[in-house]
Protein chains: 2
Amino acid sequence: MTLVKKKYNISVEATLEVIGGKWKCVILCHLTHGKKRTTELKQLMPAITQKMLTQQLRELESDGIINRISYNQVPPKVEYELSEYGESLKDILDSLCNWGEQHIIKQYGDKHAMLEDSILNK
Amino acid sequence: MTLVKKKYNISVEATLEVIGGKWKCVILCHLTHGKKRTTELKQLMPAITQKMLTQQLRELESDGIINRISYNQVPPKVEYELSEYGESLKDILDSLCNWGEQHIIKQYGDKHAMLEDSILNK
DNA sequence: TACCATAGTAACTAAAAAGTACCTATGGGA
DNA sequence: TCCCATAGGTACTTTTTAGTTACTATGGTA
């Protein structure tokens, strides 16, 4: 007789709690290429709003996946980087990017037609 | 001068179009353990509704990730399995499960307290 | 003095995702 | 004859997620 309701039916649900949703994987993939300022992240993700960016960054921070580095300056300067724990996601994030690239090639033939050029897509 | 709006800013966005959302990774993780009937999937995911299950399966099928095998019987029997293309996600899906398991252990100490027992969690 | 840049917050609204309830088909068995 | 099981569809509602707009702080600069 089970009295305690278990939280997860399968372990991937725990992963999705941390990196699921529309933006977190994208943010984290950008951070695999090194630490980034808020403004840089906004440029890399033109469709994200300030609100969503901050919100997602806060959640990733509170899950211990990223570090927030605030320099006491005016105008403010804040940088985000993968934490040591977040680094444990690096291989997964790289694989997700690589699969996506192959998928784009499979679907459209030429990745350069569908994918913005950036440090990430070289 | 760029006239064509590119679809993706980073390749992981293409991956998320295919396996993003609340249920797809969970369904696919279950299918990495072999083909499953609709009823089995519902038992493995007690929180999913019939509607969401069918909807997600249809999308995965139309993206070429899974195969739908319909036996002409009454009552109906339908099985789902990873397609050959879907198998290219196997390593990623396994890594996502493993990371989640480690994360549960990190958070709660004992995975058995939080995770339902099943073939997947052994 | 007025404005700039940067990072962020808050109240409100809109859109997307998910859930609910009810309906279909069909051959076999009680 | 009526109900069972299985897989699925549909109209509608609720919840969640995301977007919009306006606002804050502050030292430096024109």
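Residue numbers begin at 1 in each chain, while the letters A, B, ... track the order of the sequences. Values reported hereafter were calculated over all heavy atoms of this structure, with side chains retained and with hydrogens, waters and symmetry mates removed.
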Out of [options], which nucleotide sits closest to the side chain of [X]?
X	options	answer
B/Q50	C/dA18, C/dG8, D/dG8	D/dG8
A/T54	C/dA18, D/dT20, C/dT9	C/dT9
A/T38	D/dA18, D/dA7, C/dA7	C/dA7

query: Hey, does the Lys NZ or Arg CZ of A/K7 hover above the aromatic six-ring of B/Y108, less than 6.0 Å from the centre and inside 45° of the axis?
result: no
If we ignore hydrogens and angles and just use 3.5 Å, is the side chain of [X] paired with the main-chain N or O of [Y] as donor and acceptor?
X	Y	value
B/T32	B/K90	no
B/S95	A/I92	no
B/D63	B/I65	no

Whole-Å distance separating the [atom1] atom of [X] from the [atom2] atom of [N]:
X	N	atom1	atom2	result
A/E40	C/dA7	CD	C1'	14 Å
A/M52	C/dA14	CE	C1'	14 Å
A/L57	C/dT6	CG	C1'	14 Å
B/I48	D/dA7	CD1	P	14 Å
A/M45	D/dG19	CE	P	12 Å
B/Q55	D/dG9	CD	P	10 Å
A/W23	D/dT16	CH2	P	21 Å
A/K22	C/dA14	NZ	C1'	13 Å

Pairwise side-chain contact, [X] with [Y], heavy-atom cut-off 4.5 Å (strictly under):
X	Y	answer
B/H103	A/Y85	yes
A/I10	B/L44	no
B/K36	B/L31	yes

message: For a quick check of understanding: with a heavy-atom distance under 4.0 Å over all strands, which category does B/K51 fall into, base, sugar-phosphate or nothing?
response: base
- request: May I ask you to evaluate whether B/R37 reaches the phosphate of D/dA7, defined as a side-chain N or O under 4.0 Å from OP1 or OP2?
  value: yes
message: For DNA chain C, which residues of residues 65-83 of chain B approach it to below 4.0 angstrom with any heavy atom?
response: B/V74
